[in-house]
K.L.:
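Here you go, one structure.
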Amino acid sequence: MRTQVGIIGAGPAGLLLSHLLYLQGIESVIIESRTREEIEGTIRAGVLEQGTVDLMNQMGVGVRMMKEGHFHEGFELRFNGTGHRVNVHELTGGKYVTVYAQHEVIKDLVAARLQAGGQIYFNVGDVSLHDVDTSAPKIRFRPNKDGELQEIACDYIAGCDGFHGPSRPAIPQSVRKEYQKIYPFSWLGVLVEAPPSSHELIYANHEQGFALVSTRSPQIQRLYLQVDAKDHIDNWSDDRIWSELHTRLETKDGFKLIEGPIFQKGIVSMRSFVCDPMQYGRLFLAGDAAHIVPPTGAKGLNLAAADVQVLARGLEAFYKAGKTDILNRYTEICLRRIWKAERFSWFMTTMLHRDMGHTPFERGIQLAELDYVTSSRAASTSLAENYIGLPMEF
Ligand code: FAD
Ligand code: DHB
């Protein structure tokens, strides 16, 4: 089999890239190790930056998002039992915080790819990359995990296979520099059958730890709790989750958290990670394959969308004009924005979580930071600008 761009992974990065290339008349084939049902059912991100929403609309895949998504003008930072609203809409000149679940984005993109005749091989096994430092790179895989090994000969390979995929290790270790921070806490996330407790998102810092109130639909809430990095989901009965959420979200003016049946729960670890370079020969990494942020800044999916816009632009310049200048600068263009998102995600995480190793002095600094970003217009503007997404710079 031959294609112009072989894409490994049908997450947001791989699917967006494939459709962006299609819109420019460039062929691609996606291979994905999970089934369609699995990728369309995995609960992950919820918040889309304005740039990601604009991109989806420009690509013609935003119709359902515009109908079913939730458009918020701000969010709340809650500490010392008091809520402080950050008016993102006003502070960023009219932008919105969009809440639309990642698996809905995936459903919309898979449908759009298949409708346009795009090739996606789901449920593949034994994926390997070959000759990435030559002009004829190849991907090998086994269809349906146990079929005969197949080969895709490509001009370029896009490694969109997430943090644990085989693409990043295909860059020799001697070339790769990796930067990492692992946090001593995790997020316990639940889906709850109940109407929203709040119209907008609430990020709460409490003596007992962080809590987050988000939404999915008029009938479903998404709630998160900070737990210890070594904790296990079996330690968290529904009663314990509710008790902790009530404590951490309590306000002096009587906030009411609406309860309902918990129908999904899980724990995700928190890390910051950057791989430099994001390219090697004809292999380009995009999204979680190249970088990870802790979820507090809601940046992961949005960074994946930003990377593939740069990559699609570079590939377009190559195929239409024979130019490789954007492709050559891919790492440099992407990392400039990625490091700022890494900084913001780290900042939000350290400001909002309780680090039990903190001295009383460090706790004082944390509360001062929260007070500052909610009371100074300059600091609130910086927070809002980063939360809504920094501009793309080529
Ligand atoms: P992935 O979504 O990981 O996709 C990679 C794909 O590659 C997967 O489908 C995988 O099955 C496939 N794959 C792996 N190995 C192979 C292989 N060998 N062969 C073929 N395919 C392979 N981000 C935000 O922007 N906003 C948020 O609000 C937000 N909240 C989050 C909340 C939680 C609880 C979590 C866990 C994450 C959150 N994120 C958020 C982060 C976001 O989900 C990720 O950053 C995003 O999924 C990255 O997209 P991706 O396409 O790079 O990688
Ligand atoms: C959600 C996830 C986030 O990481 C975040 O910062 C806000 C909301 C969510 O899943 O809804």
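Residue numbers count from 1 along this sequence. Both ligands and their constituent atoms are indexed starting at 1 by order of listing.
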K.L.:
Do any N or O atoms from the side chain of K95 and from the backbone of H89 form a donor-acceptor pair under 3.5 angstrom?
P.N.:
no

K.L.:
Side chain or backbone, does G46 bring an N or O within less than 3.5 Å of an N or O on ligand 1?
P.N.:
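Indeed, backbone or side chain, G46 has an N or O that close.
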
K.L.:
Report, in ascending order of atom number, the atoms of ligand 1 lying under 4.0 Å from any heavy atom of V127.
P.N.:
18 (N), 19 (N)

K.L.:
Checking the N or O distance criterion of under 3.5 Å, is ligand 1 in contact with A298?
P.N.:
yes

K.L.:
Can you tell me the protein heavy atom closest to atom 39 (N) of ligand 1 and the distance?
P.N.:
A45 CB, 3.5 Å

K.L.:
Using a strict cut-off of 4.0 Å, indicate which atoms of ligand 1 neighbour a heavy atom of I31.
P.N.:
20 (C), 21 (N)

K.L.:
Mind telling me whether Y224 and W187 have parallel, tilted or perpendicular rings, with 30° and 60° as the class edges?
P.N.:
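Ring orientation of W187 relative to Y224: tilted.
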
K.L.:
Only heavy atoms of Q102, strictly under 4.0 Å: list the atoms of ligand 1 that pass.
P.N.:
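Going through ligand 1 atom by atom, the ones under 4.0 Å from Q102 are 2 (O), 42 (C), 43 (O), 46 (C), 47 (O).
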
K.L.:
To check your reading of the model: name the closest protein heavy atom to atom 21 (N) of ligand 1, its residue, and the distance in Å.
P.N.:
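Protein heavy atom with the smallest distance to atom 21 (N) of ligand 1: S33 N, 3.2 Å.
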
K.L.:
With respect to atom 49 (O) of ligand 1, which of G11, P12, G287 exhibits the smallest heavy-atom separation?
P.N.:
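Shortest heavy-atom distance from atom 49 (O) of ligand 1: P12.
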
K.L.:
Which distance, rounded to the nearest 0.5 Å, do you find between the CD of E40 and the CD of E104?
P.N.:
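Separation between the atoms: 9.0 Å.
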
K.L.:
Under 4.0 Å from a heavy atom of I8: which atoms of ligand 1 are those, numbered in the order shown and with their elements?
P.N.:
19 (N), 20 (C)

K.L.:
Decide yes or no for V86 and Y387: does some side-chain heavy atom of the first lie under 4.5 Å from some side-chain heavy atom of the second?
P.N.:
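SC-SC contact between V86 and Y387 ruled out.
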
K.L.:
Taking the side chain from Q208 and the backbone from E244, do they hold a donor-acceptor pair closer than 3.5 Å?
P.N.:
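No, because the side chain of Q208 does not come within donor-acceptor range (under 3.5 Å) of the backbone of E244.
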
K.L.:
Going by side-chain contact (heavy atoms from CB on, under 4.5 Å), name the residues that satisfy it together with A304, two or more places apart in sequence or in a different chain.
P.N.:
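With sequence neighbours excluded, A304 shows a side-chain contact (heavy atoms from CB on, under 4.5 Å) to A13, given in chain and number order.
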
K.L.:
Classify the contact between V268 and ligand 1 as side chain, backbone, both or neither, using a heavy-atom distance cut-off of under 4.0 Å.
P.N.:
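V268 to ligand 1: side-chain contact only, backbone stays beyond 4.0 Å.
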
K.L.:
Let me know which of R44, K299, R271 forms a salt bridge (Lys or Arg N to Asp or Glu O under 4.0 Å) with D288.
P.N.:
R44

K.L.:
Tell me: protein heavy atom nearest atom 41 (C) of ligand 1, and distance?
P.N.:
G300 CA, 3.8 Å

K.L.:
For ligand 1, which atoms, with element, lie under 4.0 Å from some heavy atom of C160?
P.N.:
5 (C), 6 (C), 7 (O)

K.L.:
Under 4.0 Å from a heavy atom of Y224: give me the atoms of ligand 1 that qualify, with their elements.
P.N.:
32 (C), 34 (C)

K.L.:
Centre of F394's six-membered ring, under 6.0 Å away, within 45 degrees of the axis: is that where NZ or CZ of R329 sits?
P.N.:
no

K.L.:
Regarding W339 and H291, is there a side-chain donor-to-acceptor distance under 3.5 Å anywhere?
P.N.:
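No.
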
K.L.:
Could you tell me, atom by atom, which parts of ligand 1 come under 4.0 Å of a heavy atom of G9?
P.N.:
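The list of qualifying atoms is 6 (C), 7 (O), 12 (C), 21 (N).
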
K.L.:
So how far is it from L91 CG to E73 CD, rounded to the nearest 0.5 Å?
P.N.:
11.5 Å

K.L.:
With a 4.5 Å heavy-atom cut-off, do F347 and E369 have their side chains touching?
P.N.:
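Yes, close enough: below the 4.5 Å cut-off.
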
K.L.:
For atom 51 (O) of ligand 1, which candidate among A13, S214, A304, G189 provides the closest heavy atom?
P.N.:
A13

K.L.:
Does T296 reach the side chain of S345, with side-chain heavy atoms less than 4.5 Å apart?
P.N.:
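No. Closest side-chain heavy atoms not under 4.5 Å.
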
K.L.:
Checking side-chain hydrogen bond (donor to acceptor under 3.5 Å, both in side chains) against E200, which of H70, H72, R85 comes through?
P.N.:
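Option passing the side-chain hydrogen bond (donor to acceptor under 3.5 Å, both in side chains) with E200: R85.
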
K.L.:
Between ligand 2 and the protein, find all N/O pairs closer than 3.5 Å and give the distance for each.
P.N.:
residue  : atom   : partner : partner atom : Å
ligand 2 : 4 (O)  : P295    : O            : 2.6
ligand 2 : 6 (O)  : Y203    : OH           : 2.8
ligand 2 : 6 (O)  : P295    : O            : 3.1
ligand 2 : 6 (O)  : T296    : O            : 3.4
ligand 2 : 10 (O) : R216    : NH2          : 2.7
ligand 2 : 10 (O) : Y224    : OH           : 2.6
ligand 2 : 11 (O) : S214    : OG           : 2.6
ligand 2 : 11 (O) : R216    : NH1          : 2.8
ligand 2 : 11 (O) : R216    : NH2          : 3.4

K.L.:
For atom 9 (O) of ligand 1, what's the nearest protein heavy-atom neighbour? Residue, atom name and distance, please.
P.N.:
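So the nearest neighbour among protein heavy atoms is E32 OE1, 2.7 Å.
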
K.L.:
List every atom of ligand 1 that sits less than 4.0 Å from any heavy atom of N302, numbering the atoms from 1 in the order shown and giving each element.
P.N.:
24 (C), 25 (O)

K.L.:
Using the six-membered ring of Y183, assess whether NZ or CZ of K181 lies under 6.0 Å from its centre and within 45 degrees of the ring axis.
P.N.:
yes

